[in-house]
There are 2 protein chains.
Amino acid sequence: MAKKEKIKPVVDVSTEEKIKQAARKVFTQKGYAATRTRDIAEEADINLALLNYYFRSKEKLFEIIMLEKLQKFFSVLLPIINDTATTLENKVEGIASSYIDLLTANADLPLFILSEVRNNPEIFIKIAQRKNFLQESVLVKQLQGKRADINPLQFLMSLLAMCIFPFVMKPVLQRMADVAENDFQRMMLERKMLIPAWTKAMLKAK
Amino acid sequence: MAKKEKIKPVVDVSTEEKIKQAARKVFTQKGYAATRTRDIAEEADINLALLNYYFRSKEKLFEIIMLEKLQKFFSVLLPIINDTATTLENKVEGIASSYIDLLTANADLPLFILSEVRNNPEIFIKIAQRKNFLQESVLVKQLQGKRADINPLQFLMSLLAMCIFPFVMKPVLQRMADVAENDFQRMMLERKMLIPAWTKAMLKAK
DNA sequence: GTCTATAACCTGATAGAC
DNA sequence: GTCTATCAGGTTATAGAC
């Protein structure tokens with residue numbers, strides 16, 4: 001349980017939580033550098049000084065939000081790829097389904113993480129539990145058992161690409177391909193079926 | 001006429017060009033908001049005032065660089081997808097090969113474009129020659145001829161994802177999967193073969 | 001805990017000498 | 001065209017009253 005409030009009505013959250021919610025929104029939308037603490041204060045409907053009272057600095061607040069977001073992003077992946085009870089096909093379905101659900105509700109999450117990691121690689125080390133958690137995963141072993149001739153990272157990268165990239169491209173798609181919000185969501189739902197079918201075909205390809 | 005130099009030795013470029021080169025580097029590395037005009041001036045090894053003398057403002061300079069980068073990014077795609085003389089398979093090979101070459105030399109190009117478009121959608125309209133240039137392309141028609149039951153955008157999105165996403169993920173990969181620069185480049189070369197094979201399998205999948 | 005006022009600093013841009 | 005010096009405005013952060 002991340003928070004200690006017993007029952008917290010949605011209409012009356014603590015000031016600290018209001019600031020965090022606002023920070024989540026503004027940071028992910030605009031990125032660290034383009035965000036002013038005033039934007040966050042205004043969004044949270046609180047006084048600017050309170051931000052520093054609760055979080056000391058913009059940077060400290062950002063770090064909290066970023067760690068949260070990284071956690072969110074990877075907590076989808078980790079339990080699935082190391083599940084010894086499921087097949088490779090199950091895992092692919094699970095990853096596609098969970099990521100598409102997560103990103104449908106948080107479309108700006110991947111672009112936020114990726115662009116901030118570029119400017120701030122250090123923060124990324126903090127959450128990376130251990131290096132090579134991908135290569136040492138059950139999924140990779142299953143992959144190698146099935147197709148020893150395929151570099152597992154190549155496959156994994158394509159799988160993640162098909163799940164995540166559409167959300168990174170979303171702003172572009174909406175402008176260059178006239179894809180409305182409805183259409184986009186329908187397409188992402190369809191993707192939950194397409195990705196397992198396509199990756200299955202990829203693993204059969206010679 | 002922006003410049004009058006006929007032949008310009010690499011060792012002695014004009015001040016204007018030095019500023020542009022520096023701007024290309026700093027803007028793509030850090031993004032618009034995190035870039036200070038002082039960074040660019042320092043990188044270009046010129047006086048800060050000269051930046052404004054030649055380009056009026058940070059924003060104007062950025063616009064020039066961004067248009068250049070968008071041009072670069074889409075000029076790979078446009079001629080290929082509308083070539084009536086090539087097959088669908090040829091087009092996939094061409095896209096994979098050209099994008100991987102382009103991005104190997106300009107790895108931060110996609111993340112730069114994608115993250116700046118988020119903050120500044122207007123500039124994007126300027127270069128988008130016409131909407132729906134994807135849907136109206138020869139490639140989409142060929143796709144529909146082959147598999148009328150597949151949404152061409154779904155296929156195209158996966159194709160571009162497999163070409164571009166690895167470069168967006170590159171900073172993450174290098175930290176979470178311990179992929180060195182050499183390994184990464186080898187993988188991208190391998191991808192030029194994998195993508196045609198995989199997309200072919202995808203189009204056969206039922 | 002919350003507010004107002006302000007300090008301390010940074011950044012884009014320009015004036016004016018050369 | 002290029003430089004130094006500086007301005008004007010904005011930004012983070014804090015001091016101090018309530």
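Just so it is clear: chains get the letters A, B, ... in the order the sequence lines come, proteins before strands, and each one is counted from 1. Every heavy atom of this structure was used, including side-chain atoms; hydrogens, water molecules and symmetry mates were not.
What separates NZ of A/Lys58 from P of D/dG10 is a distance of 16 Å, to the nearest Å. One atom, CG of A/Leu48, and another, P of D/dG10, lie 15 Å apart when rounded to the nearest Å. Between the CD1 atom of A/Ile40 and the P atom of D/dA13 there is a distance of 10 Å, rounded to whole Å. Atom-to-atom, CG of B/Asn52 to C1' of D/dT6 comes out at 14 Å; the value is rounded to the nearest Å. Rounding to whole angstrom units, CG of residue A/Asn47 and C1' of D/dT14 are separated by 12 Å. A/Glu42 places its CD atom 15 Å from the C1' atom of D/dT11, with the value rounded to the nearest Å.
Across B/Leu102 and B/Phe73, no two heavy atoms sit closer than the pair CD2-CA, 4.4 Å.
For the pair A/Arg36 and A/Tyr53, both in contact range of DNA chain D, the more 5′-proximal nearest nucleotide belongs to A/Arg36.
Taking the six-membered ring where the residue is Trp, the centroids of A/Phe112 and A/Phe27 are separated by 6.0 Å or more.
Using modelled atom types, one finds no donor on one side chain facing an acceptor on the other under 3.5 Å when comparing B/Asp101 with B/Ser98.
For DNA chain C, the span of nucleotides reached by chain A at under 4.0 Å from its heavy atoms goes, 5' to 3', from C/dG1 to C/dT4.
Taking the ring centre of A/Tyr32 as origin, the terminal cationic atom of A/Lys58 falls inside the region bounded by 6.0 Å and 45° from the ring axis.
Phosphate proximity of D/dT12 to A/Thr37: present, with a side-chain N or O under 4.0 Å from OP1 or OP2.
Between B/Lys91 and B/Asp83, no side-chain nitrogen of the basic residue sits less than 4.0 Å from a carboxylate oxygen of the acidic one, so the salt-bridge criterion is not met. Salt-bridge formation is not detected for the pair A/Arg38/A/Glu43: no Lys NZ or Arg NE/NH1/NH2 atom is positioned less than 4.0 Å from an Asp or Glu carboxylate oxygen.
Heavy atoms of A/Arg56 sit under 4.0 angstrom from primed sugar atoms or phosphate atoms, though from no base atom.
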